[in-house]
Q: 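Before I ask anything, let me first share the structure, which is written out below as structure tokens.
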Amino acid sequence: MTTYAPTRRGFLASAAVVGGAALAPASLWRAAPAAGAYPAILKSTPTTLYKDFGTNAEMLWSSVDPKAYLTPQSRLFVRNHSKTPKNDRSTYALKVYGDGLSTSRTEAEALTLSFADLQRLPHHDLTAVVECTGNGRSLFTTQQGQSVSGTAWTLGAVGTVRWSGVRLRDVLAAVGISPDAVSIQASGLDDPFVSGGTDYGRVRRPFSVEKALDDALLAWGMNGEDLLPDHGYPLRLVLPGWVGIASIKWLGSLEVSTTQLYSPWNTTFYRMTGSQWPADSPPLTVNPVRSAWELARDQVLPARPVTLTGRSWSGAGQISKVSVSLDGGESWRPAVLDRRGREDQGWTQWSVRWGNPRPGRHELLARATDDQGRTQPFEAAYNTQGYFFDAVVRHPVQVA
Ligand SMILES: Nc1nc2c(c(=O)[nH]1)N[C@H]1C(S)=C(S)[C@@H](COP(=O)(O)O)O[C@H]1N2
Ligand SMILES: [Mo]
């Protein structure tokens with residue numbers, strides 16, 4: 001996506017487009033392009049920080065500040081099925097309905113909760129990784145020689161942020177939920193997703209009542225700021241540790257049901273597909289273990305001792321061990337775990353001293369294990385949509 005020079009008309013147009021503009025520093029806003037056009041992503045995504053995929057943009061690992069544990073909103077990847085919608089906190093309403101409420105309600109009879117209603121519930125914060133199911137997808141091709149469909153992310157469709165909001169279990173207790181409820185469908189307020197001539201309707205995905213009552217959050221804040229429009233303003237669902245698609249942005253409704261609910265996002269998309277997978281493979285939920293170096297691919301390093309840094313994360317728990325290789329996988333040593341997600345579900349920062357980088361091309365590898373005993377494999381399981389690339393990445397660098 002192009003970043004346009006701010007013209008007078010551009011500033012006025014972008015201010016009119018975005019209800020929450022006053023909540024974020026002006027520098028985060030992308031000026032509007034020509035009259036009538038409306039960009040998919042509203043915040044600025046400069047090429048120094050992002051790789052641009054049009055409706056999606058990934059964080060460049062080479063731009064990550066090793067001293068910052070949290071990913072700033074101005075640097076967090078964006079994944080939009082259509083485009084960031086315009087929402088206004090003062091008129092916002094969350095609809096809650098379904099036969100799984102203590103008093104069954106059709107969609108037409110939905111309870112509506114205003115932003116002020118939600119803010120009256122106990123506030124809760126948590127730190128968690130947010131990561132796209134397809135993060136690392138391009139490595140199926142570049143590292144495993146396989147072709148897959150979807151955005152060709154490298155490893156930057158991930159971040160760790162501090163969310164603020166209210167627990168979904170407190171919201172459900174306030175509206176009244178039936179003991180027979182099993183499934184909740186979250187729907188976004190963004191435009192319907194149209195792809196290959198098919199209109200799939202609004203982005204929506206069901207999840208278990210068990211997850212809802214465990215650690216699900218309805219979030220209005222990130223890292224102490226109001227959510228930016230691109231990240232779900234005014235309210236999004238957060239399902240910590242689960243695939244990014246589970247955390248529906250611009251949350252418009254929750255349908256609570258006594259029967260399992262379905263949408264294209266748990267049947268067609270975000271399941272393992274391909275000849276080696278059963279036709280009824282389950283919807284993907286908990287993210288795997290992955291690692292990244294805070295370096296560009298093919299980054300040029302000087303031929304003198306250097307401390308290299310990176311991060312590892314898991315949807316299932318804390319990282320307990322990271323092994324690294326600086327010689328293409330011939331020898332391994334433990335990385336120093338510098339800072340972990342002490343609470344909640346953030347990532348772990350690590351470092352390794354490279355004492356004698358010799359001129360030439362080298363491959364750096366990092367392999368993490370989580371406290372559930374899951375270790376990154378050397379080959380990711382092939383699937384046609386390129387989900388869950390969790391293999392140890394061979395990261396090329398040049399020493400000159
Ligand atoms: N309503 C809605 N929610 C959504 C999406 C979307 O397109 N629409 N994309 C999902 C996907 S695939 C991911 S990876 C995350 C990305 O969150 P972010 O853009 O805030 O980083 O949002 C999820 N929630
Ligand atoms: Mo995603």
Side-chain angles (χ1 to χ4, degrees), residues 28 40-43 45 49-59 70-87 92 94 128-137 148-153 155-163 165 185-195 200-207 216-223 225-254 263-266 268-271 283-285 287-288 290 315 385-389:
L28 291 178
I41 298 175
L42 297 178
K43 71 178 180 181
T45 54
L49 302 178
Y50 285 95
K51 181 167 181 194
D52 201 331
F53 294 97
T55 60
N56 306 322
E58 80 172 292
M59 175 190 81
L70 297 178
T71 310
Q73 285 206 85
S74 56
R75 294 177 175 221
L76 183 65
F77 80 99
V78 181
R79 163 59 170 131
N80 282 348
H81 280 75
S82 53
K83 60 186 195 291
T84 294
K86 317 159 196 177
N87 285 304
Y92 173 78
L94 173 65
V129 172
V130 48
E131 181 175 39
C132 187
T133 330
N135 194 26
R137 177 181 284 124
V148 291
S149 62
T151 301
W153 305 113
L155 277 171
V158 63
T160 287
V161 304
R162 184 129 185 103
W163 301 104
Q185 175 113 265
S187 299
L189 293 167
D190 40 341
D191 285 347
F193 175 56
V194 180
S195 175
Y200 293 94
R202 288 200 193 271
V203 176
R204 61 199 188 281
R205 196 175 200 243
F207 59 103
L217 197 74
L218 300 189
W220 55 65
M222 195 192 287
N223 304 337
E225 304 162 355
D226 290 324
L227 287 182
L228 285 181
D230 296 313
H231 296 297
Y233 178 90
L235 194 81
R236 83 183 285 171
L237 175 64
V238 175
L239 299 189
W242 282 27
V243 292
I245 186 59
S247 293
I248 293 292
K249 303 193 276 190
W250 317 295
L251 186 64
S253 66
L254 293 170
S263 88
W265 286 267
N266 75 337
T268 306
F269 312 117
Y270 303 103
R271 286 178 45 241
L284 297 173
T285 54
N287 263 326
R290 289 185 257 222
Q385 296 179 90
Y387 299 129
F388 280 11
F389 188 93

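Just so you know, ligand 1 is whichever comes first in the structure, and atom 1 is the first atom listed for that ligand.
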Q: Name each N or O atom in ligand 1 that is under 3.5 Å from a protein N or O, and give the partner atom and the distance.
A:
| from | atom 1 | to | atom 2 | distance (Å) |
| --- | --- | --- | --- | --- |
| ligand 1 | 1 (N) | Asp190 | OD1 | 2.9 |
| ligand 1 | 1 (N) | Asp190 | OD2 | 3.3 |
| ligand 1 | 1 (N) | Lys249 | O | 3.1 |
| ligand 1 | 3 (N) | Lys249 | N | 2.9 |
| ligand 1 | 7 (O) | His81 | N | 2.8 |
| ligand 1 | 7 (O) | His81 | ND1 | 2.8 |
| ligand 1 | 8 (N) | Asp190 | OD2 | 2.6 |
| ligand 1 | 9 (N) | Arg79 | O | 3.3 |
| ligand 1 | 17 (O) | Arg236 | NH2 | 3.2 |
| ligand 1 | 19 (O) | Arg79 | N | 3.0 |
| ligand 1 | 19 (O) | Lys249 | NZ | 2.5 |
| ligand 1 | 20 (O) | His231 | ND1 | 2.7 |
| ligand 1 | 20 (O) | Arg236 | NH1 | 2.7 |
| ligand 1 | 21 (O) | Phe77 | O | 2.7 |
| ligand 1 | 22 (O) | Arg236 | NH2 | 3.4 |
| ligand 1 | 24 (N) | Ser247 | O | 3.0 |

Q: Looking at Asn266 and Ser263, would you say the former's side chain and the latter's main chain have a donor-acceptor pair under 3.5 Å?
A: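 Answer holds: yes.
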
Q: Per the side chain to side chain contact (heavy atoms under 4.5 Å, CB included) rule, which among Leu42, Asp190, Asp191, Asp230 passes with Lys83?
A: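 Looking at Leu42, Asp190, Asp191, Asp230, the match for Lys83 under the side chain to side chain contact (heavy atoms under 4.5 Å, CB included) is Asp191.
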
Q: Can Arg290 and Glu131 be counted as an ion pair, charged N to O under 4.0 angstrom?
A: yes

Q: Do you know which two heavy atoms are closest between Tyr50 and Thr45, and how far apart they sit?
A: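 Looking at all heavy atoms of both residues, the shortest contact is CD1-CA, 3.4 Å.
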
Q: Going through the checks in order, is the ring pair (Phe, Tyr, Trp, His ring centres under 6.0 Å) test met by Trp242 and Phe207?
A: CA-CA 10 Å; Trp242 282 27; Phe207 59 103; 7.1 Å; no

Q: Ignoring hydrogens, what is the shortest heavy-atom contact between Pro85 and Leu189? Give both atom names and the distance.
A: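 So the two residues come closest at CB-O, 4.2 Å.
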
